[in-house]
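Worksheet: the structure to be examined is printed underneath.
Just so you know, these numbers use all the heavy atoms, side chains as well, and skip hydrogens, waters and symmetry mates. What you are looking at is a predicted structure, and each value in this text was computed from that prediction instead of being measured.
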Amino acid sequence: MIYVGSNIFPGDNPASVTYYFQDTVSHSRLGPVSDAANDWKHLEVEAEVFPHSEEEVERDVLTLAEVVGALTKPQKRAADRRQ
């Protein structure tokens, strides 16, 4: 998923933050859903948008360093077992 912005739709509640992520295929073909011009580019492609609250982002979205750590931890354990 690709982050496309927060509170990007007219109906979003300004009192809370909603973060939006878009699937990579539609982002690649159409551009970000926040760009109104993307609707006419490829009518056969429908954008998938995933809204998340601030709490969900803090709990579920990993930083690059966290992703690298999560991916290298099993490799390190496997290497330690072989020694």
Do you reckon Leu62 sits in the same ILVMFWY cluster as Leu71, going by side-chain contacts under 4.5 Å, direct or chained?
yes
Are Val17 and Val61 joined in one hydrophobic group, where the rule is that I, L, V, M, F, W and Y side chains link up if heavy atoms are under 4.5 Å apart?
yes
Which atoms form the tightest heavy-atom contact between Ser26 and Ala47, and what is the distance?
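Between these two residues, the closest heavy atoms are OG-CA, 3.3 Å.
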In terms of heavy-atom contacts, Ser6 and Tyr19 come closest through CB-CD2, 3.9 Å
Given side-chain contact (heavy atoms from CB on, under 4.5 Å), test Thr24 with Met1 step by step and report yes or no.
CA-CA 6 Å; Thr24 57; Met1 293 189 298; 5.9 Å; no
Check: Asp12 and Tyr20 side chains under 4.5 Å, non-hydrogen atoms
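Yes, close enough: below the 4.5 Å cut-off.
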So, do Val57 and Glu54 sit near enough that their side-chain heavy atoms are less than 4.5 Å apart?
no
Determine yes or no for a side-chain-to-main-chain donor-acceptor pair under 3.5 angstrom, with [X] supplying the side chain and [Y] the backbone.
X	Y	answer
Glu58	Glu55	no
Asp23	Glu48	yes
Gln22	Gly31	yes
Asn7	Pro14	no

Kindly indicate, with the supporting measurements, whether the criterion side-chain contact (heavy atoms from CB on, under 4.5 Å) is fulfilled by Ile8 and Val33.
CA-CA 9 Å; Ile8 60 174; Val33 292; 3.9 Å; yes
Could you check Phe21 against Tyr3 for ring pair (Phe, Tyr, Trp, His ring centres under 6.0 Å), going step by step and ending with a plain yes or no?
CA-CA 4 Å; Phe21 297 84; Tyr3 173 70; 5.6 Å; yes
